[in-house]
Protein chains: 2
Amino acid sequence: MNISFIGSGRVATHLARAFFTQGFNISQIYSRELEHAQNLAKHVEAHAVHTLDLLVKADVYMIAVSDQAIESIVQQLSITLDKTALLVHTSGSTSMSLLTKYGLRAGVFYPLQTFSMERDVHWENIPLLLEADDQEDLVQLTELAKKLSTQIYYYDSEQRLSLHLAAVFANNFANYCFDIAKQTLDRNHVDFNLLSSLMKETVDKACEYDPKTVQTGPAKRHDQNILDAHQLLLQQQSQHDHLAVYQLLSQQIIMRHQT
Amino acid sequence: MNISFIGSGRVATHLARAFFTQGFNISQIYSRELEHAQNLAKHVEAHAVHTLDLLVKADVYMIAVSDQAIESIVQQLSITLDKTALLVHTSGSTSMSLLTKYGLRAGVFYPLQTFSMERDVHWENIPLLLEADDQEDLVQLTELAKKLSTQIYYYDSEQRLSLHLAAVFANNFANYCFDIAKQTLDRNHVDFNLLSSLMKETVDKACEYDPKTVQTGPAKRHDQNILDAHQLLLQQQSQHDHLAVYQLLSQQIIMRHQT
């Protein structure tokens, strides 16, 4: 099976390498920047192209670009591409209908993970969310997915959107809380490594139990002395953004745990 | 060495049990509710009391109660207690001066972790933050701490406050983000377990690198399509609290990563 990738960022890179490792033939890598396409292409024995009309026939085209770039790419591909090809995007929050409305064989292949260039991906534990307009295409995507992961799920575009939204809270916003924590410690000359054990325990508990039931802290206890002391420290250190987060989240935790 | 505990909640329970396991003699457990004191006392072969004037001589008294209850307890103890005893509190955000101002031999023994009754504690990896007014007392607290953990730190009350504040972001607020994520999935009939691998990777990356450098997501990329789609979904599902969190944190992430 031939796979070509539209995009050469983090998701495209990790996916193309994983499929290449599994023995698939990676045909072409497209990026607007030829150099970016070449960087990935050389690792997966593919050809690099930087205009969409240079894409040749493949069994599956995987679009792994930023969400806002998907539509214009699909529009162009709907003109130049062989209509018998299966076109798949890898986005959590983009509906499959964005592909089907151009009359293309369409599917979604969404890996639920946060990807970094510098870290290896352990695909076997990553949930893959699949969707396809046609039952045969879904079987084909399932075959692809099974080569990477044991966790394969079928949710529709609306549920996948809610999952991506949840992932923004669980990953992006949790990480931003860690970022604020580190800034707080840096400012006060305390080592961020002290928080590692606490952060790991936080996730382990939230996964093992319901996060609501393992909520702790001064807001949960409605310990006004501590809430005041923390807000005073943030004020004294002119951290108005962090103070706004402290106040909003504390207020919501108090409301949620009111008995 | 004799240790008595003022308090019988989560921190008192885990600490008393850990010291008991290490061969220390736990003399008395105080709680306003005698039954609570008895519940802990029976596990550590201690005596339960429910008025402070029943406390007998011990080498160290550990106050592990909610922050807002500490001062009134110290006030009472300063009248009834033998002034030669070492009085220690286990709070992150309470200054040691709250003890010293009553003319007591004072110290702090703050374990940086989130404690639950239903989970065992792996003390060896938990940072213990020590403080004492007197050098000899600090040596004594260090001896105690070494029996539990390999990670012993000496920070003053102000740095400890900043650490507790950072822990509120890294633990309480991150957990609240997980809570919102779970509510989002529950509402849309998607399994929360799908997020486990992502949540673990989030923490591992933030610990290994700087959380700022591993920030990802639509706000980081300033992907307005997705930001709009997520806010629309929250609006449609009448999640006004969650929407407020989404907007505030996205806005701050955009600002922080503006180039």
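So that the names make sense, note that chain A is the first sequence line, chain B the second, and so on, each numbered from 1. Because only heavy atoms are used, hydrogens play no part in the values below, and waters and symmetry mates are left out as well, while side chains stay in. Since we're looking at a predicted model, the values are computed, not measured.
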Toward chain B, the part of [X] with a non-hydrogen atom under 4.5 Å:
| X | answer |
| --- | --- |
| A/Val190 | both |
| A/Phe178 | both |
| A/Tyr246 | both |
| A/Lys182 | side chain |
| A/Ile226 | side chain |
| A/Leu249 | both |
| A/Leu163 | both |
| A/Arg256 | side chain |
| A/Arg187 | neither |
| A/Glu208 | side chain |

Can you tell which part of [X] gets under 4.5 Å to a heavy atom of chain A, answering side chain, backbone, both or neither?
| X | answer |
| --- | --- |
| B/Tyr155 | side chain |
| B/Leu248 | side chain |
| B/Arg10 | side chain |

Q) Got a second to check how far B/Glu158's CD is from A/Asn188's CG, nearest 0.5 Å? A) 7.0 Å

Q | Centroid-centroid distance, A/Phe173 to B/Phe173, less than 6.0 Å | A | no

What option among [options] has the most heavy-atom pairs under 4.5 Å with chain B?
| options | value |
| --- | --- |
| A/His189, A/Gln183, A/Gln237, A/Met255 | A/Gln183 |
| A/Leu234, A/Leu129, A/Ile126 | A/Leu234 |
| A/Val203, A/Val168, A/Asn125, A/Asn175 | A/Asn175 |

Q. Can you check salt bridge (Lys or Arg N to Asp or Glu O under 4.0 Å) on B/Arg221 and A/Asp67, steps first, answer last?
A. CA-CA 10 Å; B/Arg221 298 191 307 273; A/Asp67 291 86; 3.3 Å; yes

Q: Carefully, step by step, assess B/Asn172 and A/Lys220 under the rule side-chain contact (heavy atoms from CB on, under 4.5 Å).
A: CA-CA 9 Å; B/Asn172 306 158; A/Lys220 162 73 191 300; over 6 Å; no

Q) Of the listed residues (B/His122, B/Lys212, B/Glu201), which shares the most heavy-atom pairs with chain A below a 4.5 Å separation? A) B/Glu201

Q) Using a distance-only test with no angle check, is there a side-chain donor-acceptor pair under 3.5 angstrom linking A/Thr202 and B/Asn171? A) yes

